[in-house]
Amino acid sequence: MKVSRLPVDTGSSGWNEILPQADPSVRLEADLNSDFLIIGAGFAGLSAARRLSQLKPDARIVVLDAKRIGEGPAGRNSGFMIDLPHELGSANYSTTLENDRRQIKLNRHAIEFAADAAREFQLDAEAFNPSGKINGAASRRALEHNLTYAKHLEALGEPHQLLGAHEMRKLTGSSFYKSGVKTPNTVLIQPALYVRGFAKGLGNRVSIFEESPVVGMSRQNGFWIAETSKGTVRAQKVILATNGHIESFGFFKRQVFHIILYASMTRALTQQEAAATGEPQWGITPSDPSATTMRKVSGTGGTRIVTRNQSTYAPDLEVPDHLLVEMGERHKKSFAKRYPELDHVDQEFCWAGRLCLSRNSVPAFGELEEGLYSACCQNGLGTTKGTLAGIAAAELATEGKTPLAAALLEEGKPKKLPPAPLDSIGAKAFMRWGVFKAREEL
């Protein structure tokens, strides 16, 4: 098979840019033999590599990534490792009690795995901080979403705390938010720092090659051969951890669709500006999935605010530069709505991140051909579900249908998309309607 397109990431992710320069990359420039090959070094790929190294400590494991670790989608999200249901197509992220309890159990399995990796690899609280998050609301409609969500959490027996306008102002320094629902078990991560630290920790037992995109694959004499521009990897088993780019390898064609999300990060705030934005660190997801996510981070690179909203449908997985400029301007307005006294603060970085979804919100998971496995399509919760899919794929490739692998297989396959152009028309209309309804929260 020939890989039809390679990853393109628009804009420089602030998460990665504020970190110290990474060590020079090691590229694949030889022909290697391995027991396992993982393509993709994001949350799924790195988690698969770690799980394989636990299950098969003597195995030869190779990881290939097309970019530098931390530059791709894994270093471009908002950094919420969420334990609770996070269904983006729902008005308040929830589904049925039975399904939500199942998702919570799976999500927490992934978070426990990530927490254990953070301890093993000595990642500090900047990279991995189990401090919880808040669903923020500014309008009456959003408040109703929060109240409905709180009732659902109560029915699930999940701990939560309702916050009023005074408490939200104390937390964020902003009078924008009128209410919030705090849930304690979400982990706030610095995504680029997390994946870079994870990869470094794996370095003594896994061979990782960056800037080595796979351009083709073939099956020969019971082995898979993955080709890059300057080398090959021959492996008994391969895990594709490429999220939306699973289509580029020829699988799940017209079963997944691609959304681009946009984010901006301020310059480092002065001490006085930082004090005006409330507590040292916090994370707010919107009560309406189409509205604005906000993060305050303090650590490497100083204290900064991240604003994320706006989305576009992108079947070609690319973003024109002019669109990124437009989205950056919208982020400035969203920031100024929350902090009018800080409207002079520049947005230093603006970037786009790729999101892969399926119509029925299930992963693109399982054995595709003999010895070839997929851990893709994270449905908007890449930090948690990517970790989960990577663990499960490693188990499926070594031990078969473990309880975790079986749980993901039982979700079924992604449904086919409507024929073009109905898919594009439907997706764009759905997103526009979501933004219109959430306009007071943008």
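Between Leu55 and Glu399 the shortest side-chain heavy-atom distance falls below 4.5 Å. Counting heavy atoms from C-beta on, the side chains of Leu193 and Pro191 never come closer than 4.5 Å. Put simply, the side chain of Arg304 reaches to within 4.5 Å of the side chain of Glu348, judged on heavy atoms. At least one side-chain heavy atom of Arg141 sits under 4.5 Å from a side-chain heavy atom of Asp288. Contact check for Leu156 versus Leu97: side-chain heavy atoms found under the 4.5 Å cut-off. The shortest distance between side-chain heavy atoms of Leu188 and Phe80 falls below 4.5 Å. At least one side-chain heavy atom of Thr300 sits under 4.5 Å from a side-chain heavy atom of Glu126. With a 4.5 Å cut-off on side-chain heavy atoms, Tyr177 and Met294 count as touching.
Minimum interatomic distance between Lys230 and Leu28 (heavy atoms only, all atoms of both residues): CB-O, 3.7 Å. In terms of heavy-atom proximity, Ile134 sits nearest to Gly180 at CG2-CA, 3.8 Å. Closest approach of Gly42 to Ala74, counting heavy atoms only: CA-CB, 3.8 Å. Shown here for Ala389 and Leu408, the closest heavy-atom pair between the two residues is CA-CD2, 3.9 Å. For the pair Pro7 and Lys67, the tightest heavy-atom approach, listed with the atom from each and the gap, is O-NZ, 4.2 Å. Taking both residues in full, the closest heavy atoms of Leu261 and Ser311 are given as CD2-CB, 3.4 Å, listed atom of the first, atom of the second, then distance.
With hydrogens and angles ignored, the 3.5 Å screen pairs a side-chain donor or acceptor of Gln190 with a backbone N or O of Ala192. Without hydrogens or angle criteria, Thr228 side chain to Thr232 main chain gives no donor-acceptor distance under 3.5 Å. The closest donor-acceptor contact from the side chain of Gln255 to the backbone of Lys413 lies at 3.5 Å or more, if one exists at all. Checking side-chain atoms of Arg234 against main-chain N and O of Ser34 turns up no donor-acceptor pair under 3.5 Å. Not one N or O on the side chain of Glu247 forms a donor-acceptor pair closer than 3.5 Å with the backbone of Phe251. Looking at Asn146, its side chain does come within 3.5 Å of a backbone N or O of Asn135 through a donor-acceptor pair. With hydrogens and angles ignored, the 3.5 Å screen pairs no side-chain donor or acceptor of Trp351 with any backbone N or O of Ser264. No donor-acceptor distance shorter than 3.5 angstrom exists from the side chain of Asn243 to the backbone of Cys376, with no hydrogens or angles considered. Side chain of Glu369 to backbone of Leu372: no donor-acceptor contact under 3.5 angstrom is found. Side-chain N or O atoms of Glu441 include one that pairs as donor or acceptor with a backbone N or O of Ser139 at under 3.5 Å.
Rounding to the nearest 0.5 angstrom, the gap separating the CE atom in Met217 from the CE atom in Met1 is 5.5 Å. Going from atom CG of Leu84 over to atom CG of Asn107 covers 8.0 Å, rounded to the nearest 0.5 Å. For the atom pair Ile82 CD1 and Thr384 OG1, the distance stands at 6.5 Å (nearest 0.5 Å). Distance check: Thr292 OG1 to Arg330 CZ gives 11.5 Å after rounding to the nearest 0.5 Å. Atom NE2 of His331 sits about 14.0 Å away from atom CD1 of Ile305, to the nearest 0.5 Å. Atom CG of Leu52 is separated from atom CZ of Phe36 by 5.5 Å, given to the nearest 0.5 angstrom.
Between Phe198 and Phe43, the ring centre distance reaches or exceeds 6.0 Å. Two rings, from Trp433 and Phe430, have their centers 6.0 Å or more apart.
Using a cutoff of 4.0 Å between basic side-chain nitrogens and carboxylate oxygens, Arg219 and Glu370 are scored as salt-bridged. Taking 4.0 Å as the cut-off between side-chain N and carboxylate O, Asp316 and Arg5 do not count as a salt-bridged pair. Arg102 has no carboxylate O lying under 4.0 Å from a charged side-chain N of Glu98, or vice versa, which leaves the two without a salt bridge. Taking 4.0 Å as the cut-off between side-chain N and carboxylate O, Arg50 and Glu120 count as a salt-bridged pair. The pair Arg101-Glu158 does not meet the salt-bridge criterion, since no charged nitrogen lies less than 4.0 angstrom from a carboxylate oxygen. Using a 4.0 Å cut-off between charged side-chain N and carboxylate O, Glu395 and Arg51 make a salt bridge. Salt bridge present: Arg254 and Asp423 bring a charged side-chain N and a carboxylate O closer than 4.0 Å. Using a 4.0 Å cut-off between charged nitrogen and carboxylate oxygen, Asp346 and Lys332 do not count as a salt-bridge pair.
At a cut-off of 3.5 Å, with distance as the only test, no side-chain donor of Ser212 or Arg27 sits close to an acceptor on the other residue. Defined by atom type and a distance below 3.5 Å, a donor-acceptor pair is present between the side-chain atoms of Arg205 and Ser53. Counted by atom type alone, Glu211 and Ser25 present one or more donor-acceptor pairs between their side chains at under 3.5 Å. Looking only at atom types and distance, the side chain of Arg76 has no donor-acceptor partner in the side chain of Asn16 under 3.5 Å away. In the model, Ser248 has a side-chain atom that pairs as donor or acceptor with a side-chain atom of His245 under 3.5 Å.
Under a cut-off of 6.0 angstrom, the local environment of NZ in Lys253 is crowded, with over 12 non-hydrogen atoms contributed by other residues, nucleotides or ligands. In this structure, Lys428 places its NZ atom where only 12 or fewer heavy-atom neighbours from other residues, nucleotides or ligands lie under 6.0 Å away.
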Under the criterion side chain to side chain donor-acceptor pair (under 3.5 Å), I'd like the reasoning laid out for Thr398 against Lys56: C-alpha separation, chi angles, the key distance, then a yes or no.
CA-CA 8 Å; Thr398 54; Lys56 300 289 183 180; over 6 Å; no
Checking Tyr194 against Thr383 for the side chain to side chain donor-acceptor pair (under 3.5 Å) test, could you report, in this order, the C-alpha distance in whole Å, the side-chain angles of both residues, the deciding distance, and whether it holds?
CA-CA 10 Å; Tyr194 174 85; Thr383 55; over 6 Å; no
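For the side chain to side chain donor-acceptor pair (under 3.5 Å) with Arg354, the qualifying choice from Thr10, Asn77, Asp9 is Asp9, the only one to do so.
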